[in-house]
Amino acid sequence: MSGPAEALPAPVITLDGPSGTGKGTIAGRLAAMLGWHVLDTGALYRCVGLAAVRRGVALDDDTALGALAAGLSIRFDGERVLLDGLDVSTDIRTAAAGEHASRVAAQPAVRRALWRLQRDAVRPPGLIADGRDMGTVVFPEALLKLYLDASPDVRAQRRYKQLKDKGMDANLEILARELAERDRRDRERAASPLTPAPGAVVIDTSELGIDAVLERVSTTVRRMLPNALPGTLSTAQPERPSN
Ligand code: DC
């Protein structure tokens with residue numbers, strides 16, 4: 001896969017980082033502030049993982065997973081995620097689904113298939129793209145790149161609290177171990193590893209509550225917003241990923 005990508009029809013702000021940094025919440029609140037759309041790309045990988053398990057496709061079969069991902073219909077309907085027309089909003093949020101997502105996300109053919117889908121999701125007036133490789137690979141021409149981080153301990157504790165608040169069973173030690181494994185896989189994979197994009201604004205959220213993170217993010221965006229208005233979109237032509 002090579003050659004230049006088409007210009008985007010609207011501005012994009014990328015929001016990357018590991019899980020447990022508040023990315024999803026910040027993406028939603030920032031999108032609401034700007035009146036922009038939001039794209040939860042983790043949900044796309046979760047759908048591919050779920051479909052693979054349901055159809056008995058091995059989670060390391062690059063070719064089969066690529067074909068599977070390219071043929072899926074994934075739609076967002078408000079808070080709901082529809083996979084081939086069926087509501088999978090709950091099914092894709094389990095710990096197992098996160099693990100399966102992380103495994104299929106290491107496959108280059110899956111990333112190539114979702115690259116197209118993610119680029120096609122850009123719509124006026126703008127898109128907040130939440131993921132791991134939004135700024136590095138999918139939207140290298142984004143007007144603003146944000147990267148949220150936090151220490152592994154803090155992220156495990158946030159996840160633990162989330163599950164407890166939902167009345168679910170959770171074990172902090174197991175969660176921390178699973179998180180470390182998922183981090184390792186997401187950061188060390190050859191295809192689009194998790195890393196801040198060049199020029200990304202990195203915000204360490206370890207010591208910050210969600211409102212303080214939003215304040216930092218919105219201050220950064222406010223500073224950049226004049227450039228984010230439609231019509232001033234970068235005309236740079238990014239290369240498609242070749243991995
Ligand atoms: O953000 P999340 O927990 O829903 O993501 C699930 C998995 O998908 C995560 O382990 C990494 C992977 N992922 C990815 O590789 N690239 C993305 N743009 C989004 C998610």
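Read the numbers this way: they start at 1 and go in the same order the structure lists the ligands and their atoms.
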Decide salt bridge (charged side-chain N to carboxylate O under 4.0 Å, His left out) for Arg216 and Glu207; before the verdict, give the C-alpha distance in whole Å, the side-chain angles of both, and the deciding distance to 0.1 Å. CA-CA 13 Å; Arg216 297 255 177 123; Glu207 309 281 323; over 6 Å; no
Notebook entry, point to check: Can you check whether Val57's main-chain N or O pairs, donor with acceptor, with Arg55's side chain at less than 3.5 Å?
Noted result: no
CG of Asp149 to CG of Asp204, rounded to nearest 0.5 Å, is 6.0 Å
- Message: For Arg185, is the CZ atom crowded, meaning more than 12 foreign heavy atoms sit under 6.0 Å from it?
- Response: yes
Heavy-atom contacts under 4.0 Å to ligand 1, chain-then-number order, include exactly Thr41, Gly42, Tyr45, Arg46, Ala101, Ser102, Ala105, Arg111, Gly131, Arg132, Asp133, Met134, Arg182, Asp186, Arg189
Worksheet item: Do NZ/NE/NH1/NH2 and the carboxylate oxygens of Arg54 and Asp91 come within less than 4.0 Å?
Response: yes
Donor-acceptor side-chain pairing of Ser151 and Asp153 below 3.5 angstrom
no
